[in-house]
Amino acid sequence: MKITDFLVMDGEGVEIEADAHGNNIAFCCPDCGHPVLGVALENRKGSDESHPTTCKRCGEQYFLDIRPATEKLYIHRVGGNDA
C-alpha cells in the first residue's frame with residue numbers, strides 16, 4: 001500500500017517526524033533515536049503486530065496501523081506503551 005504523504009503519528013495520536021515513501025516508512029525510535037524502517041505490505045516487517053519491525057539499537061518493536069480513508073498512519077509499540 002502506498003503511504004507517501006500520509007500523516008504519521010505515534011500510538012497516542014501525536015504527529016511525529018517520519019519519511020514515508022511508496023510502501024516504506026523510516027522513523028526514529030522514540031527510545032534511543034536510532035532509525036527504524038517499516039513496510040506497509042502484508043507480512044513484511046512492521047506491517048502488523050505479528051510482523052513487527054525492530055530497532056537495531058535498543059530492540060524495541062513497532063508495528064504500523066494504516067488508515068487509508070483518512071491518509072493517516074499510526075506507529076504502535078508491540079505490547080503497549082505506545083511510541
Side-chain angles (χ1 to χ4, degrees):
M1 161 177 291
K2 284 188 132 183
I3 56 173
T4 303
D5 296 327
F6 274 34
L7 177 63
V8 181
M9 295 172 283
D10 65 14
E12 300 295 318
V14 176
E15 186 175 352
I16 61 172
E17 291 186 28
D19 187 6
H21 182 73
N23 56 24
N24 300 299
I25 185 164
F27 60 96
C28 290
C29 176
D31 284 354
C32 71
H34 194 74
V36 180
L37 177 67
V39 182
L41 295 175
E42 190 174 345
N43 299 322
R44 299 292 179 97
K45 64 187 220 170
S47 63
D48 58 44
E49 197 166 5
S50 298
H51 300 90
T53 187
T54 303
C55 174
K56 292 184 185 284
R57 181 181 289 158
C58 72
E60 189 66 62
Q61 294 185 313
Y62 303 95
F63 68 97
L64 309 177
D65 176 7
I66 303 166
R67 313 279 174 94
T70 57
E71 294 190 348
K72 293 181 180 178
L73 186 153
Y74 294 85
I75 298 174
H76 298 282
R77 289 180 201 253
V78 173
N81 299 327
D82 281 315

Mind checking what makes side chain to side chain contact (heavy atoms under 4.5 Å, CB included) contact with [X], not counting sequence neighbours?
X: Cys32; result: Cys29, His34, Cys55, Arg57, Cys58
X: Arg67; result: Asp65, Thr70, Lys72, Tyr74
X: His21; result: Thr4
X: Gln61; result: Pro52, Thr54, Val78

Residues which pass salt bridge (charged side-chain N to carboxylate O under 4.0 Å, His left out) with Asp31, listed by chain and number, not counting sequence neighbours: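 Arg77.
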What about Met9 and Val36, same hydrophobic cluster or not, with Ile/Leu/Val/Met/Phe/Trp/Tyr joined at side-chain heavy-atom distances under 4.5 Å?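 No: no chain of side-chain contacts under 4.5 Å links Met9 to Val36.
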If hydrophobic clusters are built by linking Ile, Leu, Val, Met, Phe, Trp and Tyr wherever their side-chain heavy atoms come under 4.5 Å apart, do Tyr62 and Val39 end up in the same one?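 Each belongs to a different hydrophobic cluster.
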Please evaluate residues Leu73 and Leu7 with respect to the criterion side-chain contact (heavy atoms from CB on, under 4.5 Å), reporting the C-alpha separation (whole Å), side-chain torsions for both, the decisive distance (0.1 Å), and the verdict. CA-CA 6 Å; Leu73 186 153; Leu7 177 63; over 6 Å; no
Measure the shortest side-chain to side-chain distance between Phe27 and Val8 over non-hydrogen atoms and say whether it is less than 4.5 angstrom.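 Phe27 does not reach Val8 side chain to side chain.
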Just wondering, do Ile3 and Ile25 contact through their side chains at under 4.5 Å, heavy atoms?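 Sidechains of Ile3 and Ile25: in contact.
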Could you check whether atom CG of Asp5 has more than 12 heavy atoms from other residues, nucleotides or ligands sitting under 6.0 Å from it?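 12 or below, so no.
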Which other residues end up in the same hydrophobic cluster as Val14, if Ile, Leu, Val, Met, Phe, Trp and Tyr are linked when side-chain heavy atoms come under 4.5 Å apart?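 When side chains under 4.5 Å apart are linked, Val14 ends up in no cluster with other residues.
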Of the non-hydrogen atoms in Met1 and Leu41, which two are nearest, and what is the gap between them?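 So the two residues come closest at N-CD2, 3.4 Å.
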Just grab all the salt bridge (charged side-chain N to carboxylate O under 4.0 Å, His left out) pairs involving residues 38-51, residues at least two apart or on different chains.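 For residues 38-51, and leaving out neighbouring residues, there are no salt bridge (charged side-chain N to carboxylate O under 4.0 Å, His left out) pairs at all.
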